Amino acid sequence: MKLTIEENKCVGAGQCVLVAPEVFDQRDEDGVAVLLTGEPAGPDREAAAEAARICPAAAITVGGR
């Protein structure tokens with residue numbers, strides 16, 4: 001699994017951080033999501049996939065590997 005975030009789409013809702021805090025964080029200055037890891041492993045994989053599903057701006061993309 002490989003993740004990407006389209007920063008220009010992110011609205012800073014923070015749902016990704018709530019669902020997968022080991023994978024996502026938010027910038028202090030504008031709340032835009034950032035990746036802590038672009039290739040989550042183990043239990044973080046499912047949490048990251050859920051974060052992508054619930055992102056209100058559809059800013060998170062999950063790709064195969």
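Fair warning: this is a prediction, and the values are worked out from it, not measured in the lab.
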* Asked: Closest approach of Cys16 and Ile60, non-hydrogen atoms and distance?
  -> CB-CD1, 3.7 Å
* Indicate the atoms forming the closest heavy-atom contact of Ala59 with Lys9, along with that distance. => CB-CB, 3.8 Å
* Structure fact -> For Cys10 and Ala33 the tightest heavy-atom approach is SG-N, 3.3 Å
* Asked: For Asp30, which residues count as a side chain to side chain contact (heavy atoms under 4.5 Å, CB included) partner, sequence neighbours excluded?
  -> Arg27, Val32
* ILVMFWY network linking Ile5 to Met1, side-chain heavy atoms under 4.5 angstrom -> yes
* **Shortest non-hydrogen contact from Pro21 toward Leu36** => O-CD1, 3.5 Å
* To do: With Val19 as reference, evaluate Glu50, Glu46, Arg53 under the side chain to side chain contact (heavy atoms under 4.5 Å, CB included) test and give the passing residue.
  => Glu50
* Would you give the length of the straight line joining atom OG1 of Thr61 to atom NZ of Lys2, rounded to the nearest 0.5 angstrom? => 11.5 Å
* Take Val34 and Phe24, measure what side chain to side chain contact (heavy atoms under 4.5 Å, CB included) needs, and give me the verdict at the end. => CA-CA 6 Å; Val34 294; Phe24 300 96; over 6 Å; no
* Pair Leu3-Val62, side chain to side chain contact (heavy atoms under 4.5 Å, CB included): steps then yes or no -> CA-CA 5 Å; Leu3 299 173; Val62 178; 3.6 Å; yes
* With Gln15, which of Leu18, Val17, Val11 fulfils side chain to side chain contact (heavy atoms under 4.5 Å, CB included)? -> Leu18
